[in-house]
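Everything quoted here is computed from the prediction, not taken from an experiment.
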Amino acid sequence: MTRPSPDGPAAQHALGAAGLTPAEEAVYELLIDSSPATSARVASLGAAAGLRPEALPGLLGTLEAKGLVTRSSDEPPRYAAVAPEVALDVLLVTAERQLLQARERAAELDRAYQRRATEEAPQVVVEVVTGHRAVQQRQAQIQRAASHQLRCFSKPPYFDPPGSVAAQHELLARGVTVRMIYEREFVDRPGALRQIETMIGAGQQARVLPGLPMKLYLMDDRFALLLLRHQPDDPDADAALVVHPSGLLQALSRLFEGLWQRALPLRLRPPAPGAASSSRARQPGHDDERLIALLVAGLTDEAIARQLGIGYRTAERRIADLMSRLGAHTRFQAGVQAAFRHPPTTE
């Protein structure tokens, strides 16, 4: 059984939810393979996994206290792993109960917070968040706290943490509606088309506009985060507004809905798992969908060629062929017509 070092990649250990540290999990796994074993034997086996010998007595004692390991009365004592089905199930049930209690407590505190907020005069409408880390943290909190809908304007600056896309995947998996309006500049970024295809495949609803007034996140009808300032050379200068329930929040919601009605839909299918770009390019229907999305976004022929990974002349021919099949006189007309109906069939 291959074991990563508890001080390295093992930070992604699976039993953290059961209350085990990476080092405790590593020792427990060693004992599953080699029970019963003395502490010296475990230390010898653990050296390859990066376990420090001086930490072993404490780890064995902790595992014994958690009911994962038994110790014999021999001299020297021998340690044996308790069956995971029994020992881990007890820990997981306890963790689930504690999580449920934490959720109930969080809901109780939220009710108290909302009650106090409604009783306060004047009511807090906005809070200013400053500093790059603080802005990122609030943005992540607002995304993950959505219970039925997340609405976003995607425009520069693109400073979102890497976990932002993962957070949206989690929301979509929970059945939360995610609606995104992309600004043209985002669609022109390298790899953007593939990312949008993947997100649409996960359930995101996506539209595009030439420009957007601000960078905005709307969580349900409870909060909004509006980026005020972003300076890459001065992280402390970053600032955002968190808007609480108020007339201002309603106005931002109406702004989003108004622009959503004006925006053009991006109708794309997700790439097949493991499919190479060249194989997708040979699928006329999928190729048309990607071309239409880029036309809708208003990209130039050069940018379209770059996104599709084809030559400029090839892009020109495909655009001309699409316009001919649609009976359109301009590139934009072709994109708009195709965006609101199924892609045209290939001759």
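Among residues at least two apart or in separate chains, there is no salt bridge (Lys or Arg N to Asp or Glu O under 4.0 Å) pair with a member in residues 80-95. The salt bridge (Lys or Arg N to Asp or Glu O under 4.0 Å) analysis of residues 240-259, with sequence neighbours excluded, yields the pairs R151-E257, R179-E257. A ring pair (Phe, Tyr, Trp, His ring centres under 6.0 Å) check over residues 59-104, counting only residues at least two apart or in different chains, returns nothing. Listed by first and then second residue, the side-chain hydrogen bond (donor to acceptor under 3.5 Å, both in side chains) pairs involving residues 56-68 are E24-K66 (not counting sequence neighbours). Sorted pairs that involve residues 93-104 and meet salt bridge (Lys or Arg N to Asp or Glu O under 4.0 Å), not counting sequence neighbours, are lacking altogether.
Between the S253 side chain and the L249 main chain, no donor and acceptor come within less than 3.5 Å of each other.
None of V82, V93, L68 except one satisfies the side chain to side chain contact (heavy atoms under 4.5 Å, CB included) rule with L88; the exception is L68. Among Q139, R144, R138, Q143, the one residue that satisfies the side chain to side chain donor-acceptor pair (under 3.5 Å) test with Q141 is R138. Each of L226, L227, L228 was checked for a side chain to side chain contact (heavy atoms under 4.5 Å, CB included) with M214, and the lone residue meeting it is L226.
Considering only residues two or more places apart in sequence or on other chains, D220 meets the side-chain hydrogen bond (donor to acceptor under 3.5 Å, both in side chains) condition with S147, H148, R222. By the salt bridge (Lys or Arg N to Asp or Glu O under 4.0 Å) test, R78 pairs with no residue at all, sequence neighbours left out. For the side-chain hydrogen bond (donor to acceptor under 3.5 Å, both in side chains) test, residues two or more places apart in sequence or in another chain that qualify with R105 are E108. Under the side-chain hydrogen bond (donor to acceptor under 3.5 Å, both in side chains) criterion, R317 pairs with T314, not counting sequence neighbours. Residues passing the ring-ring contact (aromatic ring centres under 6.0 Å, His included) test with Y28, sequence neighbours excluded: none. Partners of R111 under the salt bridge (Lys or Arg N to Asp or Glu O under 4.0 Å) rule, at least two apart in sequence or in another chain, do not exist in this structure. Residues passing the salt bridge (Lys or Arg N to Asp or Glu O under 4.0 Å) test with E302: none are found, sequence neighbours excluded.
Looking only at side-chain heavy atoms (C-beta outward), V208 and I181 stay at 4.5 Å or farther from each other. Inter-residue side-chain proximity for M180 and Q168 is flagged as met; some heavy-atom pair is nearer than 4.5 Å. Counting only heavy atoms from C-beta outward, the side chains of T130 and D238 never approach each other to under 4.5 Å. Side-chain contact check for D221 versus P245: every heavy-atom pair is 4.5 Å or farther apart. When side chains are defined from C-beta on, L209 counts as touching L212, because their heavy atoms get closer than 4.5 Å. Residues V129 and L241 are not in side-chain contact: their nearest non-hydrogen atoms beyond the backbone lie 4.5 Å or more apart. Residues F223 and V242 are in side-chain contact: their nearest non-hydrogen atoms beyond the backbone lie under 4.5 Å apart. You'll find the side chain of L150 reaches within 4.5 Å of the side chain of C152, heavy atoms only.
Ion pairing between a basic and an acidic side chain is recognised when a charged N comes within 4.0 Å of a carboxylate O; K155 and E185 show no such pairing.
No more than 12 heavy atoms of other residues, nucleotides or ligands lie within 6.0 Å of CZ in R133, so this atom counts as exposed by the packing criterion.
If you chain together hydrophobic residues whose side chains sit under 4.5 Å apart, I32 and V86 never meet in one group.
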Practice task
List the steps and the verdict of side chain to side chain donor-acceptor pair (under 3.5 Å) for H132 and Q231.
Solution key: CA-CA 9 Å; H132 185 71; Q231 297 181 10; over 6 Å; no

